[in-house]
Amino acid sequence: MTRRILEHGLELVQDFCEAEVWPDELPPSREQILKHVVSVDGLLCLLTDRIDAEVMDAAGPGLKVISNHAVGVDNVEVAAATARGIPVGNTPDILTDATADMAFALLLAAARRVVEGAWLVKAGGWKTWGPGFMLGADLTGATLGIVGFGRIGRAVARRASGFGLRILFTDPSPALPEQGVNTMQVDFETLLQESDFVSLHTPLTDQTRGLINADTLKRMKPTAVLINTSRGPVVDQEALFAALQSHQIFAAALDVTVPEPLPMDHPLLGLDNCIIVPHIASASWRTRQNMSLMAAENLIAGLKGERLPHCVNPEVYKE
Ligand code: DGY
């Protein structure tokens, strides 16, 4: 296990097998992973660990399962695992609401300049109540564009509906509407042009890497707010910095960046209209306990030679 996970899952694993748990707060280095993985039967890893063919080969032919403590598996070379017949587990569903809550928290915070206002107060900048002081964006009647209408995108739509937002979405496949929520599937161009808020909920793939770039940012409204709780590389940060600095868009709020953590001298950190939080969208007590359990259950099923309850490459089970 490349880190201590919360106790429900940890205990389950430790009761089942002999577990070596990386004890530090910071992730193991590449060298440490390559060294400690030798001869393991199963690997429970985090999104901070790059698990590629080299790691799988270092583990050796006994490696029966890779259980990722995340719903996103872009840190795992899934094709390499499949080629070796190794099932890869992830933690879907249980973090949907927590992640959607965070996307919405970021949306509200960026729209209404909550973080900027809080800092201003602490820095002694609150002189009086002023009619034009710290104005932000309205939600009611505004348009939210959801990029990626999977579980989390849909959960964001449910929240947005309560705030009176008009909801557009894009998805690579024709998506069923979300029950009880008024939504419209549109093309990406329309979404960019019409949305006051653009919230990203795509997995990181070759198709989504750099999806938000200088060109697509140009198509957004000058009043638009970009929210990213998906993966950092979906946004070209240099282009985002230029767009925020020049007020080509109004604001951005990011839970994910490249790299993570973002270095303290990164230009995005110097902008008042950019909120950055440290990849904590799933960081609620219940959600992380459930993630630890699900990751443990996937690991244990793989060690027993059983089908993983949540497997991203089920083709390994086909003869
Ligand atoms: C995931 O599970 O992919 C999330 O990014 C973790 O918060």
Side-chain angles (χ1 to χ4, degrees), residues 1-6 8-10 13 22 25-27 43-52 65-78 81 87-107 109 146-156 159 171 199-209 211-212 226-235 237 252-262 275-299 308-313:
M1 298 171 74
T2 60
R3 216 86 66 78
R4 265 187 91 78
I5 57 173
L6 293 200
H8 290 15
L10 185 64
V13 174
W22 182 250
E25 187 193 349
L26 295 182
L43 178 63
L44 192 149
C45 52
L46 272 57
L47 53 80
T48 44
D49 313 310
R50 170 102 198 112
I51 306 300
D52 55 16
V65 54
I66 297 169
S67 171
N68 206 35
H69 181 277
V71 66
V73 288
D74 46 282
N75 60 306
V76 179
E77 207 184 316
V78 176
V88 177
N90 72 338
T91 62
D93 295 321
I94 45 174
L95 46 71
T96 297
D97 283 320
T99 306
D101 286 347
M102 178 58 79
F104 223 80
L106 289 174
L107 185 155
I146 298 175
V147 181
F149 208 54
R151 286 178 287 254
I152 299 172
R154 286 167 179 275
V156 169
R159 284 151 180 77
D171 199 83
S199 192
L200 306 177
H201 301 287
T202 58
L204 176 62
T205 64
D206 290 344
Q207 287 72 44
T208 61
R209 189 178 293 276
L211 187 70
I212 300 298
L226 175 73
I227 303 107
N228 189 10
T229 52
S230 62
R231 284 293 183 264
V234 176
V235 176
Q237 287 178 180
L254 314 174
D255 180 48
V256 287
T257 60
V258 185
E260 293 182 6
L262 207 57
I275 298 172
I276 301 181
V277 294
H279 203 152
I280 50 171
S282 66
S284 68
W285 290 111
R286 192 180 58 204
T287 299
R288 286 286 166 86
Q289 283 290 14
N290 288 339
M291 285 170 73
S292 82
L293 264 181
M294 196 177 270
E297 284 163 1
N298 279 332
L299 179 82
L308 309 197
H310 300 279
C311 182
V312 298
N313 57 345

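Counting convention: from 1, in listed order, for ligands and their atoms alike.
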Student: Decide, yes or no, whether a salt bridge links Arg3 with Asp49 under the criterion of side-chain N to carboxylate O below 4.0 Å.
Tutor: no

Student: May I have a table of the N/O to N/O pairs between ligand 1 and the protein that fall below 3.5 Å, each row giving the two atom names and the distance to 0.1 Å?
Tutor:
unit_1: ligand 1; atom_1: 2 (O); unit_2: Val71; atom_2: N; d: 2.7
unit_1: ligand 1; atom_1: 3 (O); unit_2: Val71; atom_2: N; d: 3.4
unit_1: ligand 1; atom_1: 3 (O); unit_2: Gly72; atom_2: N; d: 2.9
unit_1: ligand 1; atom_1: 3 (O); unit_2: Arg231; atom_2: NH1; d: 3.4
unit_1: ligand 1; atom_1: 3 (O); unit_2: Arg231; atom_2: NH2; d: 2.6
unit_1: ligand 1; atom_1: 5 (O); unit_2: Arg231; atom_2: NH1; d: 2.7
unit_1: ligand 1; atom_1: 5 (O); unit_2: His279; atom_2: NE2; d: 2.8
unit_1: ligand 1; atom_1: 7 (O); unit_2: Ser282; atom_2: OG; d: 2.7

Student: If the condition is side chain to side chain donor-acceptor pair (under 3.5 Å), which residues does His310 pass it with, not counting sequence neighbours?
Tutor: none

Student: For His201 and Ser199, does a side-chain donor sit closer than 3.5 Å to a side-chain acceptor?
Tutor: yes

Student: Who passes side chain to side chain contact (heavy atoms under 4.5 Å, CB included) against Asn313, sequence neighbours left out?
Tutor: Val78, Ala81, Thr82, Pro87, Val88, Cys311, Glu315, Val316

Student: Would you please name every residue forming a side chain to side chain contact (heavy atoms under 4.5 Å, CB included) with Asp93, sequence neighbours left out?
Tutor: Arg151

Student: Taking the basic N atoms (NZ, or NE/NH1/NH2) and the acidic carboxylate oxygens, is any pair closer than 4.0 Å for Arg159 and Asp97?
Tutor: yes

